[in-house]
Every structure is written in C-alpha cells, then in structure tokens.
Amino acid sequence: MRRKNVLPLVGLFLVLGFQHVISESPLPKDDHGECELSSDEKDLCALYCYRSMKLNSTHETNSQLSKAIENLQSKIDQQNIQIANINDFITNSVNRQKEMYEKDKSQTEIDNLKTKVEQLKENLENVQRQAAKDKEESLTEQKYLRNKIEQILRDKNTEIDGARNREIENLKEKLASQKTDLENAIKDLESKNKEFEEYQIKEKNSKNKIGELNSEIASLKKKLEESETQLTDSNHLIKEHSLQLNQTAEDLVECQKRPKTGCKGLSSGIHKVEIPGIYPISVLCEGDVEGGGWIVIHKRFDGSVDFNRTWIEYRDGFGNKEGEFFIGLDNLHRITNPQTYQLYVQLGYHNGTFEFASYDNFRIGNETTKYKLESLGKFRGTAENSMSYNLNQAFSSFDHDNDQSEGFNCAQRRGAWWHNFCGWIHLNAKYFNREDQDCSSMSWWLCISLKSVQMLIRPR
C-alpha cells in the first residue's frame, strides 16, 4: 500500500482516539447543567471546559480539571505511541510493498531472461545441429574428393607405369635389334676376313706371274705414257673451256633468279626481296619518296583494317600489302638488327597537308626484350619529334601491358605502340574519317586525327 493511501486512515485514527479521550474525561458542570458539545465542537472541548472551570469552578473543580488534563495527557501519550506504532506499521507496509514491487519487477526480468536463455539455447541447438550437418557434409565432400584424387593418382600411376613399361619394351626391342645387327656385322666381317686371306694367297701366286708380265708392260707403258701425255694435254684444254662456259651460263641463270637486296632501285609496288638474316620475303616498296628504296612497314589511309590487334598479331604482322597493313614486329627486328636503317614517317592530314619525321638509326629488339625500341638516332623533319619520348620502351598491345603507367594500359584506348606514359603518338589507334582532336584517334601530335600515315625504312 502506498503512503498517500495510508495518510487519511492515520487522520481518522487520531480523531477517533481524541474523541475517546474527551468522552472518558469528567467535565465540570455550571448552573445550567452539563456542558454539552456538538460533534463539530468536540475537538475544542478541552479549551472550552478549561475556561468555564477557571471562571466558575471551585478549588475542587480545579483539581478535577488537573486530573482530567493528566488523563488527557496520558491518553495523548498513548495515542502518540499508537501513532508511532501506526507510522512504523505504515513504514513497514511501504517497505514491504516496495520489496514486493521490486520482487515482482525482478521476477518479470528473471522470466524475460529465462525466455531469452531458452531462445538462446534453442538457437544454439539449431546452430549446433547446422554445424554438425555442415561438418558431416564437409566430411562427405572431403571423402569424395579424397577418393577422386586417389582414383586420379591411381589412373596416373597406371598410365605412367604403362608408358614406362612400353618404353622399356621398346628399348629392349631396340637393344635386341642392335644386338642382332652387331652379330650380323661380326659374321660379315669374319666372312670378309676369310675372303681377304684367300685373296692374299691368290695374290702371292699371282705375283710371280705379274713379275713376268711387268717387264713386258714396262716397255709398252713408256710408249703409252707418251701417247697419253699428248692426249691429256688436249683434254685439259677442252675441259677448261667447257667448265668456263658452263659456269658463265649458271651464273647468268642464278643472277636472273636471285631476289634483289632490299628495295634499292625498285619501283613502288610489291617485290620479293632478300633481307640479310631472313629468307627472301615479299614487301611493299616505295620508290617515289626522297630517292626511293624504302620498305613500307606500316600503312593506313582509309580505316579498312582494324589495328586493335593482339600481341601475336602485332608480332607476326597483319593486313594486306595492297591496302592497309603492318609488317610485324618479328620481321622488323630481323630487318633492323644486322645493319643500320633509317626510319621515315609520312603524315597526311584531313586538310590536305603533309608532314614527315625522320630518324637515322632505327632499331628494335627481339621478343625477349618485348620488341624494345632500342635506337632512333638523329631526328629531322617538319613534324614534331614525338617519337623520342618512346625511346627504350617495350611494345604494348591491349593484351600485353608493358607501359610505365600504373593501373592503366595505354594500348587499350590509344592503340598498340612503344608507350612510355601513353605520350603523343597513337598511329595504331582508331581511324577517324574527319579532323578531330581526340586522343583515341590515329594521331602524331596533340591528338589531332590523321587522314593517312606510312612508316618507311631503308639501309643508311
């Protein structure tokens, strides 16, 4: 029970106790009779009676009043004790009420915790069941994989043993065959040795007859030698003239069949030429630019050939010599490696103008070096010297990133080339049929799109 509900009850007890004291106390009487109070004036009775006794009563009345006051004080003291007991009771009741409330609250929390514990137990059991199931499935899968691996190993061992046994059998057969051949060779040698011994015996018998004939032959030999000397001198003269005539004819035929070395002296067009270090190959020659003699290694002019090619295609070459093409990195290395070559790059723009860039010592490495641009030499030309930025760089294609840019393959957007940090030259990028400033276009400087380009080389 709460304190605010107990206070009215305490007040009631006090009033009832006070009325009880007054009702049991003797009150003085006046001339008119007893002093009677209404129910509303009972709480003022003591004060009213005291005044009446003081004015009208005698000494006896004072004694009675004192006694009544003592009784009243005694009652009040008893009532205070009762009030104190009631307060203790109320306090104990409130404390018990709090304890009961806290107990109920604690019980509710305990019940909630029990519920949560039960749920956690249930979840744990579910997790344990799932873990056991997963473990069982994992063990089953491991067992399956182990059996499969063991089967593969058994099959592989069987295959290896079979191959080894077959190889041993083949070696045995070869050894047996070699042994038979050796035995036959020994028998043949023994037979020939016997024949030689028989021949030696016959030769001894013939020597005597030969000695007799030698004297006769000696005389005839002198006569024959004199005749042969004359005949030999005549035959030597005939043979010398015949050999000289045949060699001249062969040299003439061979000279007509032999390919020309490089494009020097050849007109513009496709020719079969001989390159030091490689077999004769068919190349496109350019005879109209700066004295001619150029081998065309790279040509674009209409976008008919896609130059977004793989590493292998750039290594081996692609396209058509009658149209757009690239000669191939491997051929380019073989051509430029044995001797010094010039490089001439002719650039055509969409406005009808042309520029060129020339380098006097052009050379690239082999595939081991990723066809590194090893040398360029001195530059001259009307175009920018853009290619010097690519010196000593490996070649990159969209599937072989060998440039210096981290996290970005320049060849994927700007075409295959000897890229450094992408740079200015994009001769293998996308062909634009209009003039534009776009770094994804075929360009030489400032990303300005080109209409045509050809790369030429010739011995210096």
Side-chain angles (χ1 to χ4, degrees), residues 268-270 282-290 292 294-329 331-332 343-359 362 373 381-390 393 395-401 403 405 408-457:
S268 296
I270 300 174
S282 177
V283 298
L284 176 62
C285 295
E286 173 57 62
D288 302 324
V289 175
E290 288 208 352
W294 298 99
I295 299 174
V296 183
I297 63 172
H298 179 281
K299 189 171 186 177
R300 299 183 72 184
F301 57 90
D302 61 3
S304 58
V305 174
D306 183 11
F307 273 65
N308 186 29
R309 300 296 184 115
T310 64
W311 176 266
I312 294 177
E313 290 174 302
Y314 269 98
R315 181 193 67 187
D316 299 338
F318 57 87
N320 186 349
K321 295 180 182 66
E322 295 180 352
E324 297 187 331
F325 75 98
F326 178 63
I327 196 171
L329 292 167
N331 283 331
L332 194 55
L343 171 66
Y344 186 93
V345 184
Q346 188 180 60
L347 308 168
Y349 291 89
H350 287 280
N351 61 6
T353 61
F354 286 87
E355 292 182 341
F356 78 94
S358 178
Y359 300 88
F362 174 69
L373 182 57
T382 57
E384 293 291 333
N385 183 14
S386 303
M387 201 162 177
S388 61
Y389 184 68
N390 308 123
Q393 300 303 313
F395 194 84
S396 291
S397 60
F398 73 81
D399 59 341
H400 272 61
D401 183 7
D403 59 46
S405 298
F408 179 75
N409 184 356
C410 299
Q412 288 183 346
R413 185 172 183 267
R414 303 186 179 185
W417 195 252
W418 293 275
H419 290 294
N420 190 335
F421 289 93
C422 295
W424 299 107
I425 300 178
H426 317 134
L427 296 187
N428 294 318
K430 185 177 179 181
Y431 183 86
F432 281 30
N433 57 8
R434 66 189 184 282
E435 182 174 333
D436 199 349
Q437 190 168 7
D438 190 326
C439 290
S440 65
S441 69
M442 181 181 74
S443 56
W444 179 265
W445 178 249
L446 297 179
C447 300
I448 299 174
S449 61
L450 295 168
K451 183 178 181 181
S452 65
V453 61
Q454 62 176 353
M455 298 175 66
L456 316 171
I457 60 172

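One is the number of the first residue; the rest follow in order along the sequence.
The two atoms that bring Tyr359 and Ser386 nearest to each other are OH-N, 4.0 Å, heavy atoms only. Residue Asp403 comes nearest to Ser396 through the heavy atom pair N-OG, 3.2 Å, listed as atom of the first residue, atom of the second, then distance. Nearest heavy-atom pair, Phe421 versus Tyr389, reported as atom, atom and distance to 0.1 Å: CB-OH, 3.3 Å. Between Phe398 and Asn308, the shortest heavy-atom distance links the atoms CD2-OD1, 3.4 Å. Among all heavy-atom pairs drawn from Met442 and Val453, the shortest one is SD-CG1, 3.7 Å. Between His298 and Asn428 the shortest heavy-atom distance is NE2-OD1, 2.8 Å.
Annotation: side chain of Gln346 is not in contact with side chain of Trp294 (no heavy-atom distance under 4.5 Å). Under the 4.5 Å side-chain criterion, counting only non-hydrogen atoms from C-beta, Lys430 is not in contact with Asp438. For the pair Tyr344/Ile457, no side-chain contact is recorded, criterion being any heavy-atom separation below 4.5 Å from C-beta on. Glu290 places none of its side-chain heavy atoms less than 4.5 Å from the side chain of Leu456. Side-chain atoms of Phe356 and Thr382, non-hydrogen and from C-beta on, do get closer than 4.5 Å to each other. You'll find the side chain of Glu313 stays beyond 4.5 Å of the side chain of Phe326, heavy atoms only.
Thr310 and Asp399 share no side-chain donor-acceptor pair at under 3.5 Å.
A distance below 2.5 Å between sulfur gamma atoms is not met by Cys422 and Cys439.
Note that NE2 of His350 is 10.5 Å distant from OG1 of Thr353, once rounded to the nearest 0.5 Å. Note that the CD1 atom of Ile448 and the OG atom of Ser441 stand 9.0 Å from one another [nearest 0.5 Å]. The structure places CG of Leu332 at 8.5 Å from CG of Leu343, a figure rounded to the nearest 0.5 Å. Here CH2 of Trp445 is found 13.0 Å from CG of Leu347. Values are rounded to the nearest 0.5 Å. Within the model, atoms CD of Gln454 and CD1 of Ile297 stand 10.5 Å from one another, a figure rounded to the nearest 0.5 Å. Annotation: the span from Met455 atom CE to Ile295 atom CD1 amounts to 13.0 Å, rounded to 0.5 Å.
Between Phe307 and Phe318, the ring planes lie perpendicular to each other; the angle is over 60°, past the 30° to 60° tilted range.
Judged as a salt bridge (charged side-chain N to carboxylate O under 4.0 Å, His left out), and not counting sequence neighbours, Glu324 has no contacts.
Pairs passing the salt bridge (charged side-chain N to carboxylate O under 4.0 Å, His left out) check and including a residue from residues 294-305, sequence neighbours excluded, do not occur. Listed by first and then second residue, the side-chain hydrogen bond (donor to acceptor under 3.5 Å, both in side chains) pairs involving residues 409-425 are Asn390-Trp417 (not counting sequence neighbours).
The environment of CD1 in Ile312 is sparse: at most 12 heavy-atom neighbours from other residues, nucleotides or ligands sit within 6.0 Å. The environment of CD in Glu322 is sparse: at most 12 heavy-atom neighbours from other residues, nucleotides or ligands sit within 6.0 Å.
A side-chain donor-acceptor contact under 3.5 Å links Ser449 to the backbone of Asp436.
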### Message
Determine whether Glu355 and Tyr349 satisfy the following criterion, side-chain contact (heavy atoms from CB on, under 4.5 Å), listing intermediate values before the conclusion.
### Response
CA-CA 8 Å; Glu355 292 182 341; Tyr349 291 89; 3.1 Å; yes
#### Entry: Steps toward side-chain contact (heavy atoms from CB on, under 4.5 Å) verdict (Ser304, Tyr431)
CA-CA 9 Å; Ser304 58; Tyr431 183 86; over 6 Å; no
